Amino acid sequence: MHISKLPKLSESIFSTMSALANKHNAINLSQGFPNFKTSEKLQQLVTEAMQKGYNQYAPMRGDLELREVIAHKIFKSYQTKYDATNEITITAGATEALFNAITAFVHKDDEVIIFKPAFDSYEPVVRLNGGVPIFIQLNYPNYKVNWEEVADKISTKTRMIIINTPLNPTGTLFDKSDMLALQNIIKNTDIIVISDEVYEHMTYDGLTHQSACKYPILKEQSFVIASFGKTFHNTGWKMGYAAAPKHLMDEFVKVHEFNVFSINTPYQKAFAIFIQDENNYNYLNQFYQNKRDLFLKGIENSNFSYTPCKGTYFQLLKYNKITEENDVEFAKRLVKEFKIATIPISVFNTNQLDEKVLRFCFAKTDETIHKATEILCQIH
Ligand code: PMP
Ligand code: GLN
């Protein structure tokens, strides 16, 4: 018998590539985080909250004013109401919210549908709970879901479906027809949907984010999960939240309570003020679209090929015209020889499917993007 509950799990690719980038003094477009500053105003609000004495435990579900501000923000964005008292919980990043939602509902042998390539934290948490991940592989470049295939994978053991839109690492979005197809599949079942929407404010070319909460039946059976780290350029603060109907949230908080109990107080106080002003986030679509376009313009004459991403702050590039190396080897060579760090997509795929695609994070200063694209144009 294994002592380890996750015997096959190795170090996260994000840690590996960021460490390699540091070691080789490379431009780090691997792990997804901005290299520019979070708002001065927000930093000032945190400092003020500390100075005013907000330094003891927050309420278990989070500062009520912050939860009310979030409920209002969701209403403005998606025209649907959550009750701040019972239906929103502040978490230590989206990561904690994902952990809680999966742990609260997945029993031994329950099946959880996960689309691949997938963000790396879903599968281990399902396994920790004795659940069985059922993978559905999507393919470059459009990563379209075949909902008939999903319907075929539903069994009496299906407990949960995890979706992520805008999707990391592919940069694709679910559209209205995807959400309606999903809603149709879960209607009249007790399947729970986890909708990981941490990139909700990063959609491009006029496309809009389709939150699960916009679809009434879907909303009744879903957790919507968000990350302040992504939206407000401070991934190191590890703040986020989950929103769900009361009957689901009541179970979620049973895990949250004994996982962290509550999240740091002064940051919640600061966000409660900062998020009230929608100008602090409604510029993001254009802001990141400009960065995506700068990145794509810079590599126009390179040997990489691409489809412009529709959301997230990641752009995939296909390199099959450059080399036949597998993506992990190529990514490692790029750090060492060209001083640029990326994420190979195969690590997120079923059976390490290698489609010769790398992920580049463009949440970087324009100067960094210029330097990175100059390097990419020299790779033949
Ligand atoms: N989900 C996705 C799709 C992500 O890319 C990330 C990484 N930011 C997370 C969840 C975790 O978010 P957080 O840093 O707020 O824990
Ligand atoms: N979400 C980030 C990414 O996709 C990384 C998060 C992490 O390092 N765990 O790059």
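Just follow the structure's listing: the first ligand is 1, and inside any ligand the first atom is 1. Bear in mind that the values here come from a model prediction, so they are computed numbers and not experimental data.
- Contact check on Lys371 versus Glu374 returns no salt bridge, with no Lys/Arg side-chain nitrogen under 4.0 Å from an Asp/Glu carboxylate oxygen.
- Between Lys41 and Asp277, none of the side-chain N atoms (NZ, or NE/NH1/NH2) sits under 4.0 Å from a carboxylate O, so this pair counts as no salt bridge.
- When heavy-atom distances to ligand 1 are checked against a 4.0 Å cut-off, Asn168 comes that close only through its side chain, counted from C-beta outward.
- Atom 7 (C) of ligand 2 has as its closest protein heavy atom Phe14 CD1, 3.6 Å.
- Atoms of ligand 2 lying under 4.0 Å from at least one heavy atom of Phe119, given by number and element, are 1 (N), 4 (O).
- The nearest protein atom to atom 11 (C) of ligand 1, hydrogens excluded, is given as Thr95 OG1, 3.3 Å; this is a heavy-atom distance.
- The distance criterion of under 3.5 Å between nitrogen or oxygen atoms is met by Gly32 with respect to ligand 2.
- Of the listed residues (Tyr199, Phe360, Phe295), just one forms a ring pair (Phe, Tyr, Trp, His ring centres under 6.0 Å) with Tyr313, and that residue is Tyr199.
- Counting heavy atoms under 4.0 Å from ligand 2, residue Lys230 touches it through the side chain alone.
- Contact analysis leaves Phe33 out of contact with ligand 2, as no non-hydrogen atom separation drops below 4.0 angstrom.
- A heavy-atom separation below 4.0 Å is found between Val198 and ligand 1.
- Remark: of the listed residues Tyr140, Phe330, Phe304, Phe330 is the sole one forming a ring pair (Phe, Tyr, Trp, His ring centres under 6.0 Å) with Tyr319.
- Test Arg127, Glu111, Arg159 against Val106 for side-chain contact (heavy atoms from CB on, under 4.5 Å) and you get one pass: Arg159.
- A salt bridge links Glu251 with Lys254: the distance from a Lys NZ or Arg NE/NH1/NH2 to an Asp or Glu carboxylate oxygen falls below 4.0 Å.
- Proximity of Asn168 to ligand 2, defined as any heavy-atom pair under 4.0 Å, is confined to the side chain (atoms from C-beta onward).
- At a heavy-atom cutoff of 4.0 Å, ligand 1 is contacted by the side chain of Lys230 but not by its backbone.
- One N or O on the side chain of Asp327 and one on the backbone of Ile345 form a donor-acceptor pair closer than 3.5 Å.
- Annotation: atom 12 (O) of ligand 1 to nearest protein heavy atom, Ala94 CB, 3.4 Å.
- Under 4.0 Å is where a charged nitrogen must lie from a carboxylate oxygen, and between Asp175 and Lys144 at least one such pair does.
- Proximity to Gly93 (heavy-atom distance under 4.0 Å) selects the following atoms of ligand 1: 15 (O), 16 (O).
- The pair Asp178-Lys176 does not count as a salt bridge, with every side-chain nitrogen at least 4.0 angstrom from each carboxylate oxygen.
- Within a 6.0 Å radius of CD in Glu300, more than 12 heavy atoms belonging to other residues, nucleotides or ligands are found.
- Scanning all protein heavy atoms for the shortest distance to atom 6 (C) of ligand 1 gives Phe119 CZ, 3.3 Å.
- Of the polar atoms of Arg359, at least one N or O is found under 3.5 Å from an N or O of ligand 2, judged by distance alone.
- Note: an N/O pair closer than 3.5 Å links Ser227 and ligand 1 by distance alone.
- Annotation for ligand 1: atoms under 4.0 Å from non-hydrogen atoms of Lys238 are 13 (P), 14 (O), 16 (O).
- The backbone N or O of Asp63 sits less than 3.5 Å from a side-chain atom of Gln268, completing a donor-acceptor pair.
- The distance criterion of under 3.5 Å between nitrogen or oxygen atoms is met by Asp196 with respect to ligand 1.
- Numbered from 1 in the order shown, with element, the atoms of ligand 1 that lie under 4.0 Å from a heavy atom of Asn164 read 3 (C).
- When only non-hydrogen protein atoms are considered, atom 8 (O) of ligand 2 lies nearest to Gln31 NE2, 2.7 Å.
- Salt-bridge formation is not detected for the pair Lys157/Asp109: no Lys NZ or Arg NE/NH1/NH2 atom is positioned less than 4.0 Å from an Asp or Glu carboxylate oxygen.
- Contacts with ligand 1 closer than 4.0 Å are made by side-chain heavy atoms of Tyr199 only, the backbone lying farther away.
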